[in-house]
Every structure is written in C-alpha cells, then in structure tokens.
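Below: one structure, written as structure tokens.
Each chain gets a letter, A, B and so on, in the order its sequence line appears, and its residues count up from 1.
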Amino acid sequence: MANPAGPATVDRRSDTTLPYLASLNPEQREAVLHTGNDGGRSLLILAGAGSGKTRVITTKIAYLIRERGLDPRSILAVTFTNRAAREMADRARQIDERAEDAMLRTFHSFGAWFLRRNGSLGGLSSNFVIYDDDDTVSLLSSIMEDIPRAEVKQAAYAIARAKDFFLSPEDPELDRIDHRKKFRKIYARYEERLAQIGNVDFGDLIKKPVEILRSQPEVARRFRERFRVIMVDEYQDSNIAQFELLKELCGPDTYVCVVGDDDQSIYRFRGAEVRNILEFPDRFPGTDIVRLERNYRSTAPILQVASSVVDHNEGRLGKTLRSERGGGKTPTLVFLPDQDEEAEFCAELIEKTVRGGRKGQAAGKDVRDKRAAAKPSRALEQPKAVYSDWAILYRTNAQSRGFETEFLRRRIPYRVVGSLKFYEREEIKDALALLSFLVNSRDEVAFRRVVNKPIRGVGAATVDKVIEAAGFGLADMAADDGIEAGPSPGDIAAAARRIMPDLPAKARGGLAAFLAAIDAGAEALEADPARNGAREEEDAGPIPDRKRVAKPTPKTKTKPRDGLRAGEGLSVCVVTLINEAELDDYHRSHDEITGKQRIENLQELVNSATDYPATREGLLEFLEHIELDRSLETAGEGQGNSDDVVTLITLHNTKGLEFRRVIITGIEQGIFPRDDKKGDDLEEERRLFYVGATRAMDELYLCSCAMRLMFGRIMPSEPSIFLREVDKSSLRILGKAPYGFNSGNARSASGGSDEGSVADSVVEFGRYPGGASRSSGRAGRAFAGHAPAKKVTSSDGRWQIGDRIFHDDHGYGAVIEIREPPAQLPPESDEDGPVVRVRFDTGKELRFLSSHQSSRFTKIGDD
DNA sequence: TAATCGATCTTTTTT
DNA sequence: AGATCGATTA
C-alpha cells in the first residue's frame, strides 16, 4: 500500500456532505481533515481544556477509515490512562464500527503487547509478569541488603526515572538522576536480576521495545509498515522513553498526530517531559499546528479563575482559551476553620442543591427517583440537581477520608476514584504472588513472598539455598534468551526439587507442600491451543482482547461463608491455588474481623478471574490486566448501584473528566502546593490547579482551611499562594479571610502589631474572627443551607449543652453544640451518633462523637 | 524463629 | 493517626 494517508491535504467535499463533521468548528475540522500530503507530515494539536479534543481524535480516526480508506488496523492511538483509552474506543466506534479494529491502548499496554510478541528478541520470554512498584522495591531490597527501606525506595524511584529518560546503567547521562557510582552499580545489578527472573517493570514496557526496534531493523520495518497513522493523546505527559518509542515506530511515511496542552502537564514527577510537546515541531520537521482555543465546557468566570493562576507560569506556549458559554456563576472561595468543617461545608452544599431542590418539587419521593433521574435525559428535562453533578477534588488521596466519613454519616452517596488500595492488600498480593510464580517459576520475589506463608518451616536459610541452587553464578543467562524449552536456568521450582533430598525434614516437607500447591494450580489450567508460529502473524492484528474486563465486583451475591467459591474459567485455578497453598486459612486465622474481610477480598479477586479462560495465556492476561489497570472505584456504602453519586478524586485523576459542579479542597500552603515546591515544580502545581478548575462546567468552589490535622496533630494552615494569584474581583468570598489576605501581599501587610498574637504555634480562632466569635457556627449558617438538627440534649441522653468536660490534652471546656446525624433512613447499627462540639477554656473548639469514650475525655460535675 | 511492643518517622501526585 | 522499623522478649 502506497502512502495511504495522502495525497490531498483537505477533502473539500467533507465540509458539506459529511454529517458527522458538520458540527465541528473550523479549527476542529481542520484538525480532523489534515492528513499530511507528501508522506510523513505531522500535526500538532494544541488543545486547551474542554476544547473538544477527544472528539477531534475520535472523529479523525473515523474519518481516516471512512473517507480516506485507511485500514483500521493501521491506526495506532496511544493514551496515558486506561479510562481515556476506553473512552476513545467507545466514541470512535460510535461514529464508525470499524474503529473497533484500530489499536487504541495506553503506552504501557502497547509496550506489553509488543513485548509479548517480540520480547524474545531482547532475551525476554513471552510469559513475563509485570512488576509493580512494590515488587520492584522487594527485588531491590534483596540486592541492597541491610539498607534502610527508605533508601531502597529512593533507589527504586531513581531507577524508574532513569528508565523514563531512557537511560541505561552505563549511560553517562545517568548522572542527571543520581551521580553516585553506587547507584550505577545498584541499577546494573537490578537489571541483571530482573533479566534473570525474566520479568519486567513499568519502565521496561517502554524502554525495551525501543531497544528491540533499534537492534532489530526487521521488526522495526514490520511495525512501520503496519502502523501508518499514529496518534498520541495527552502528549504533554509523555516522557523521553515514550518519545523515543514514537520515533522508532515512525517511518518516513508514517503520519503522526499528537494532541496536548502544555498547561496541563502534571506528570513531571514521574518523568514527563514538557519539552516533548514544546519541541515537537523541531523533532518532526514539517509539522502543522492547529490550536483549539474554544472552550465548550466552562463558563467564562471559571476559566478566568483557572487562567489567572496558570498565567503566573513562565515558559508556556501561551494560548487564549475563550469560553463559548459566556457568563455564569462567580466562583466561590470559602475560608473554613478546619478540615472537618470543610467536609461539613461540602456536604451541606451538596445536600442543599440535591435534596433541597428535590424537596421543592416532589415532596414524598425519595432515593428511588433520584436514581431514575440520574441516568436518562439530563438534557431533556430541566437540569435537575443530582449527586453526580458534584466532584470533590483534593491533592492527596489521604484527604478523601474526612469526606468519606462525613458523607457516610449523612448518607450522601459517593464513589472514590483512584486510591489503589485493593491490590496493595497483603492477601491480594500474596495470591498474585502465587499466580505469578505459577506463570514464571523464576520469580524470586514471588517465591520469597509466599513460600513460607503460612509457615511451613521453610526459613530464610532454606530459601537462600534454593535460590542459590536455582543458578546464580550462571551469569548472563539473559544472553541465551528465554526461548529454550525445559527447565531453564533460574527455575526455582526445579532447583527446589533438586536439592530437596538434602534438606532437613521440616524444610523438605514445607517446600514439598508449596510445590504441590503450585502444581495443583497448574493442573487446573487447560492446555493452551498451540500457539507456535502464529506469533509473527499476530503483529498484523490486535490480540483478541478480553473485552471489557469486569472490575472485581462479586458476581455471586452470596457472601463466602467459609471457603472461597470458584466460578467459571480461570477462577477455578485461582481458588485451587489459594486453597492448596492454604493461603485462605492463613488469612482467615488472623482475627475474626480482619480475617473475614481478607477472605472477602480474596473472593473478589477470584470473581474477577472468571472472565478469563483457564489457560496459561488467560492467566497471563489476567495478571497483565491487574498490573496495568488498577483503576477501581470504591463506592460509598449503602448506596446500591446507583450512578448518582458524588465523585471524590485526586486532582491528578481528574484529567479528562468534567463535572457541573466542582469543589477544590485543601488549597493551602504546604498541601497545594506542597511547601517544598519551587521553580518548575511549583509551576507544575499551578497547572494542576488549572486542570482541576477547568473540570467545572457551571460552578466552582475553592476551599481553604485555617487549621488542619497533620501527622495526627492540629497544625495551622495558610491559604495557598495560588489563591493570591487570582484576581479578587473574580471570586465571591465566604467565611473570614485570614488577616492580610485581601491586600496584595499578606506577608508585608501582616508585619504590624497583630503579628504578636499569632506568634506561637497554636492558632486561635481569634485570628480568624469567623471562628471564635461566631459562637455556634455563624460561618456555617451563612452559607450552609440546612444544618443537621440542633438539640439541647443529645438523642442518646449522654450530653446536654453546657456540660463541663475535661480533656487530657486540652483541659477544661464545655459542650456548646449538639448535632444529630440526619435521620434519613432508619438508624441502623451505625456506630456514629450525635456529635458534640466542645469549646475549651483555651478558646479552642473541637468536636467529638457522643459515644466517644476515653480516659482522656471525661464529663465532670454532672453525674 | 516469630510475635510483640515501643519509638520513629511519615504524606504527594500514577502508568 | 497510622505505618513501619528494630529491638526486646517468649
């Protein structure tokens, strides 16, 4: 096929006759229709937030297939998140079914796909497992013996960065990452060990394909022949290694189209290189540039606030984002005393719009019609306020907790996006280690993790013996690559069998039991259909992907009473393995509550395996999926399966999303931005603010607290410098601004006599008059909609307003307020109950659960 | 050899 | 507050 993308640059006919192009604006259309003419011309789309970028990409894919007759299989579109990849695939398919056959993947999943097929050329067998950061640290700590964990982690981080920058242990440039000779050595050793084990880390998924493409011209040729069009989304987040990969995939005829926004580059910390996008036209000569500067998402006042912060950055391409929507509600900046009130404020704000609005129109109806209202036709009816309009954004995952607590208490449905704790749980990692070892018996990390769990009498001494027998000292087995059949050097299982007779009885028995479990797991797998020779062909088409793998949601509603229940497919193998290894017993035995929880988690993992075939190949896919897509959403409890939920999400995770109403929380110095950020890092935080703010369609709220619980201590908190960078006139300010905030520069303004009162570390409410003087929540009432019922006596009879108390840390105080949780649903066996607010004689105010019992907190006088 | 208790940090952000 | 580390102990 000669240049499939050429020859004409613009298809005039398209303007009028192609309906799916009709609704594009001129710039968007230009971006879609641009195909480059004399081979290899490239396109850089600078797409501001909310400018219809995804639409352009998906339409372009469809256009290339439909109007330019391109084989869908020759299109490669790369994104950075699985979510984006999925969305892109969905939307492209909506325009044209054939887009299904285009390859839309994340960079990393593309890398994995590549390596499964061509890894052997780089000494990698096709059954590698992908190590996550934890595994990497484990491996590294076996190399760096007797070195504090923090340092090991540091080294792991440095190695990951090195790979992001496409630097090998020998590379002179490595000094940029870490100049110590020791580091070079550690890195080299790590690479050696990883090769021996036959697994890869995240960085390898990019770096290794580049190396193979460079050393194997034949492979490179094949790939360049296959992919005629390559698109990269969120190009500003690409790193050097990814740039190299892109370059290697490009032949003289390849049409490259990258899309991005330098103002949304927020992944520098993991090696993203903004210069990739800034210098793209230099690296790909003959690049045309299209700017998408019309924002269809946000109102003008929201964009105004977002831009005013990022405008303080230097070294940006600069663009003017215009709102196509025009005016709207002025964004609100709220000053709050502490993070508890922040959570309360958010909750009340949301309740006011959702429940309040509902009450007005349909008194008797409840949750059920909320669900009905959530999904269908928001556009048709009057925009009804729903929970899913709302998103709460924060800088660190840890911040989600306060909101979760508050929302649970008030029965506000929510989901937490991100926070990958599920796969970090001990029992899950253990099970995965068993599976990994089954797939690759050279996996020392997995072996060490589970061989003696539960205790089988296989101690450290035995483990070392086995590992040694597995063939250390056989240097450079990477060289004679991994294609050999039979027991390969490094095979730990084989080594264990070999030396078993020489071991003491206890160790021998334990080891045998472990190996028997692995064997049982292997037997639960069916033989793979022959897959020899097919490999080369497969490059010509995407592997038959497991469609839309279900997230680990139990299929069977029945809770596992005792044993794990296998469903279909691969889950049989997983259960067998766990049972035979007695991993379930081990975790069950911990203690009643956590044991039960752990078994449930294991059951979830088992359930998620049902969608995979019970073959080695299926197992590999399962593991790969888990490593590459850990996005899980944890729903707020008791919310059923409703889609109508508030979203709790980190700022980083919001990229590509939009919500009608957004609250950015914790906009305080030290948190956002972190106080050690300066220079380029500070600029990145500004961009993060920009990303967050531009998620909002209709309403934007910014929260800043005067105090915050950090490391278990209450610390004073200052408003973020970003808040000072916003023009005050474009904000509505609620709550009491800290002294000096309204003058341009707080530092100089507060240099006067007022300073004395805040000299010590404890900040009294006095500094924020909205706090101390507001008695029972003036600030609250000012903007808080309906507060929970307030009472004189708590419903559990424990407290009355005026009760005197003593607290070990805070001294004497009195109850000044009692709040009952809103009684929406019948009070279940919730441990939460009334909340009492206590003002201590020091002037400090704190709140406690009524049920809170502790020797540190006692009622006096009364009783 | 392993469990347990105190002391000592810790907190980014994610494929 | 919570995790993690290490030293002490059973």
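No aromatic stack links A:F107 and the base of B:dT15, using centre distance under 5.5 Å and interplanar angle under 30°.
Contact annotation for A:F80: backbone-only contact, meaning every heavy-atom pair under 4.0 Å involves sugar-phosphate atoms and none involves a base. Among the protein residues, A:I455 comes within range of the sugar-phosphate backbone only, with heavy atoms under 4.0 Å from sugar or phosphate atoms but none that close to a base. Residue A:N82 is classed as having no contact, given no heavy-atom separation below 4.0 Å to the nucleic acid. Using a 4.0 Å heavy-atom criterion, one finds that A:R401 contacts the sugar-phosphate atoms exclusively.
Straight-line distance from the CD atom of A:E151 to the P atom of C:dT4: 18 Å, rounded to whole Å. A:E424 has its CD atom 11 Å from the P atom of B:dT14, to the nearest Å. In this structure, A:K208 atom NZ and B:dT15 atom P are separated by 22 Å, rounded to whole Å. A:E668 has its CD atom 15 Å from the C1' atom of B:dT12, to the nearest Å. One can place CG of A:L682 at 18 Å from P of B:dT13, the figure rounded to the nearest angstrom. Straight-line distance from the CD atom of A:Q339 to the P atom of B:dT11: 19 Å, rounded to whole Å. The CG-C1' distance, from A:N397 to C:dA3, rounds to 16 Å in whole Å. Going from atom NZ of A:K506 over to atom C1' of B:dT1 covers 8 Å, rounded to whole Å.
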Subject >> A:F80/A:T106 under side-chain contact (heavy atoms from CB on, under 4.5 Å): CA gap, chis, key distance, verdict >> reply: CA-CA 5 Å; A:F80 280 86; A:T106 65; over 6 Å; no

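Of the P atoms belonging to B:dT11 and C:dG6, the separation is 15 Å, rounded to the nearest Å.
Projected onto DNA chain B by closest heavy-atom contact, A:N452 and A:T106 fall at different nucleotides, the more 5' of which corresponds to A:N452. Heavy-atom distances to DNA chain B give each of A:G459 and A:F711 a nearest nucleotide, and the one nearer the 5′ end belongs to A:G459.
Checked against A:L623 for a side chain to side chain contact (heavy atoms under 4.5 Å, CB included), the options A:L432, A:N440, A:N127, A:I130 give a single hit: A:L432.
A:D135 contributes atom CG, which lies 6.5 Å from atom CD of A:E627 (distance to the nearest 0.5 angstrom).
Regarding contacts with the backbone of B:dT14, a side-chain N or O of A:T650 is found under 4.0 angstrom from either OP1 or OP2.
Considering only heavy atoms from C-beta on, A:L702 stays 4.5 Å or farther from A:F722 through its side chain.
Aromatic ring pairs are classed by plane angle as parallel below 30°, tilted from 30° to 60° and perpendicular above 60°; the pair A:F269 and A:H652 is perpendicular.
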